Protein chains: 2
Amino acid sequence: MKINEVSKKYQIASDTLRYWERVGAIPAVSRDSADYRDYDEEDLNWVSFAMSMRDAGVSVEYLIDYISLFRQGSHTVQARKDLLNDQLEMVGERLFKMQKSYNKLKYKAEHYEKIDKDYKGKMGVH
Amino acid sequence: MKINEVSKKYQIASDTLRYWERVGAIPAVSRDSADYRDYDEEDLNWVSFAMSMRDAGVSVEYLIDYISLFRQGSHTVQARKDLLNDQLEMVGERLFKMQKSYNKLKYKAEHYEKIDKDYKGKMGVH
DNA sequence: ATAAACCTTCGAGTCGACTTTAAGGCAAGT
DNA sequence: ACTTGCCTTAAAGTCGACTCGAAGGTTTAT
């Protein structure tokens with residue numbers, strides 16, 4: 001699968017796909033005879049994983065660390081699990097915070113008049 | 001309430017509080033005789049609102065637009081409500097995406113061995 | 001065979017959101 | 001009165017994450 005097809009299928013800029021690969025946020029993608037990227041199923045799984053992580057607010061730096069461990073072989077499995085669980089916890093907290101914010105916002109939207117008083121202000125406007 | 005107290009109470013950098021005020025993401029804060037910021041209850045409500053919005057992933061730009069409408073007076077109430085509902089929707093989508101990502105991640109963490117195969121790779125490493 | 005539409009890398013540019021620095025004013029303790 | 005610490009603004013700097021531009025190679029359609 002060529003980069004532009006991936007880009008369309010996953011709704012992500014091809015520049016971003018190249019960028020992730022360049023910095024090591026996903027492993028090196030397979031190439032065809034012309035040295036064009038040719039994403040196989042495993043490559044697509046990594047793209048999908050990276051997208052999930054980024055959507056969840058995980059930094060690119062973390063992905064780089066994760067892939068770096070991955071490349072070092074199977075003796076890093078525990079370290080990878082630990083990293084994953086750290087992130088799981090952080091994402092959980094973000095999620096919780098967001099839910100709270102969402103509820104606050106929703107409340108404000110539903111009770112608008114009672115909450116946002118008019119601007120009478122401290123700048124002499126009446 | 002002075003800026004550093006607010007900073008500690010809400011766990012937010014005082015630099016950020018000044019920044020938000022400077023760009024208009026919150027309305028101008030009250031000042032004491034020495035021209036020091038002296039946050040009253042209303043100011044704190046704005047800080048709290050801005051924090052919620054930022055936590056929910058809403059851009060500073062949006063906050064600026066919102067406050068700008070607010071300053072223009074009560075005839076902007078409907079526009080403000082509309083803006084708020086737009087954001088509510090966007091936050092809802094973000095939240096949904098994050099939940100999906102969180103679940104994926106959780107699944108991966110719980111079924112680790114079955115999912116992340118060892119790196120045998122395309123780079124000749126065995 | 002030539003143009004249009006892909007693809008490549010490398011380096012530089014952009015953007016959002018802070019964060020720091022510089023230069024100085026005010027305030028509380030000794 | 002002096003020192004320590006908090007406050008001020010304005011402008012510049014940083015950081016993360018892309019995003020773009022230049023220069024060039026490949027593939028596909030006519």
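As the structure is a computational prediction, the values presented were derived from the model and not from experiment. Values below: every heavy atom of this structure, side chains too, minus hydrogens, waters and symmetry copies. Numbers restart at 1 for each chain; the letters A, B, ... are given by sequence-line order, proteins then strands.
Listed nucleotides: dC7(D), dA27(C), dT8(C). Nearest to the side chain of Arg31(A): dT8(C). When distances run from any side-chain atom of Ser33(B) to the nucleotides dC7(C), dC7(D), dA27(C), the shortest one goes to dA27(C).
Regarding Tyr19(A), its OH atom lies at a distance of 18 Å from the P atom of dT14(C), rounded to whole Å. Atom CG of Leu17(B) and atom P of dT8(D) are 10 Å apart (whole Å). Note: CZ (Arg18(B)) to P (dT21(C)) measures 14 Å, nearest angstrom. In this structure, Asp32(A) places its CG atom 10 Å from C1' of dT26(D), rounding to the nearest Å. Remark: C1' of dC15(C) and CD1 of Ile64(B) are 14 Å apart, rounded to the nearest angstrom. Counting to the nearest Å, the P atom of dC10(C) and the CG atom of Asp35(A) are 11 Å from each other.
Within 4.0 Å of Arg37(B), counting heavy atoms only, lie sugar-phosphate atoms of the nucleic acid but no base atom.
Among residues two or more places apart in sequence or in another chain, the salt bridge (Lys or Arg N to Asp or Glu O under 4.0 Å) test is passed with Arg22(B) by none. Every salt bridge (Lys or Arg N to Asp or Glu O under 4.0 Å) that Arg37(A) has, sequence neighbours left out, goes to Glu21(A).
Between Lys2(A) and Ala13(B), the one whose closest nucleotide on DNA chain C sits nearer the 5' end is Lys2(A).
The environment of Met1(B) atom CE is dense: over 12 non-hydrogen atoms of other residues, nucleotides or ligands sit within 6.0 angstrom.
Using a 4.5 Å heavy-atom threshold, the side chains of Tyr19(A) and Val23(A) count as touching.
Contacts of residues 51-61 of chain A with DNA chain D (heavy atom under 4.0 Å): Arg54(A), Ser59(A), Val60(A), Glu61(A). Taken residue by residue, residues 83-97 of chain A places no heavy atom nearer than 4.0 Å to DNA chain C.
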Close N or O pairs between protein and nucleotides 3-5 of chain C (under 3.5 Å):
none

* How would nucleotides 20-25 of chain D be written as a contact map, 5' to 3', with B for base contact, S for sugar-phosphate-only contact and - for no contact, using protein heavy atoms under 4.0 Å? -> B----B
